[in-house]
Amino acid sequence: MGKPSRKKRKEAIYTVVAGPILFIGLWVMFQFSITSIYYIFGLVLFAVLMGGFASSFVPDMRKKENKSKNMYTGLPKQSNKKRNLNGSNQKKSNGLSSNSNILRSEKEIMTLPFEEISWREFEELCFNYYKAKGYKPRRTSEGADGGVDLIIFNRHYNAEIAIQIKHYKKERQIDVKLIRELDSAKKNHGCILAEMTTSSRFTNPALVEADKRNIVCRGDDWINSKLLPWREQQVKKKGLA
């Protein structure tokens with residue numbers, strides 16, 4: 001299932017706000033034996049107004065300016081400062097350079113040593129690979145670590161496949177937690193199948209978990225046998241060297 005519509009999200013917020021107000025108001029009414037019709041009318045009116053007011057903040061996620069907001073409250077998911085700190089921590093844990101989120105030209109992505117490309121460039125390289133192979137890839141709007149980076153169409157299975165891409169150094173392996181997160185994320189996109197692609201490797205428990213959940217694991221062996229040879233061919237074909 002996909003993300004809930006704005007109407008459903010507004011209804012959820014309305015219920016969350018108005019429900020407790022009515023409950024507390026009725027509790028007070030019975031606790032103190034209040035029988036005034038004005039109290040009941042005022043309570044219902046107050047609950048309706050507050051529920052409507054709260055639900056008015058639910059953002060339209062189709063608008064670009066709302067992509068970084070919480071889909072229910074309309075508040076920013078995290079401050080830029082926190083995001084930068086998280087980005088710095090991720091760069092350190094991944095062992096990548098300080099420019100790990102840059103996106104350079106096609107020529108640079110295709111010709112730079114693989115170890116020097118950023119995680120965004122790794123995603124771009126995978127996107128171009130699947131496009132060249134006829135898988136009709138499309139990017140998701142989830143951004144870094146959103147769960148699914150690409151969705152491709154596999155003609156053999158006649159189904160869409162959710163792909164998550166992780167650009168890690170060799171010492172950081174894909175674990176069971178990431179496999180389970182991808183399994184949940186693929187369902188949000190209506191996909192039965194999924195692939196985890198990484199420049200690193202997988203722990204043995206992660207491989208077992210992936211097999212249970214119909215998730216194909218593509219590690220550094222796939223990078224070296226498929227992706228990089230294709231890149232070299234494209235460099236020669238397009239005269240990018």
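Quick caveat, the model's predicted, so the values are computed rather than measured.
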TODO: Check Ala54 against Val17 and note the closest heavy-atom contact, atom names and distance.
DONE: CB-CG2, 3.5 Å
Task: Inter- and intrachain pairs under side chain to side chain donor-acceptor pair (under 3.5 Å), touching residues 27-56, at least two apart - done: none
Open item on the list: As a test of understanding, state which of Arg201, Lys226, Lys166 forms a salt bridge (charged side-chain N to carboxylate O under 4.0 Å, His left out) with Asp220.
Closed with: Arg201
Task: Lys107, NZ atom: more than 12 neighbouring heavy atoms under 6.0 Å - done: no
Open item on the list: Is there a path of hydrophobic side-chain contacts, each under 4.5 Å between heavy atoms, that joins Val28 and Leu49?
Closed with: no
Task: Transitive ILVMFWY side-chain link Val148 to Val216, under 4.5 Å - done: no
Task: Check: Val48 and Val44 side chains under 4.5 Å, non-hydrogen atoms - done: yes
Open item on the list: A side-chain contact here means heavy atoms from C-beta on lying under 4.5 Å apart; do Glu124 and Arg139 qualify?
Closed with: yes
Open item on the list: Using a 3.5 Å distance criterion without hydrogens, assess whether the side chain of Arg213 forms a donor-acceptor pair with backbone atoms of Ile179.
Closed with: no
TODO: Enumerate the residue pairs fulfilling side chain to side chain donor-acceptor pair (under 3.5 Å) with a member in residues 231-241, sequence neighbours excluded, ordered by first and then second residue.
DONE: Glu106-Lys238
Open item on the list: The criterion is ring pair (Phe, Tyr, Trp, His ring centres under 6.0 Å); which residues satisfy it with Phe114, sequence neighbours excluded?
Closed with: Phe122, His167
Task: Greater than 12 external heavy atoms within 6.0 Å of Tyr130's OH - done: yes
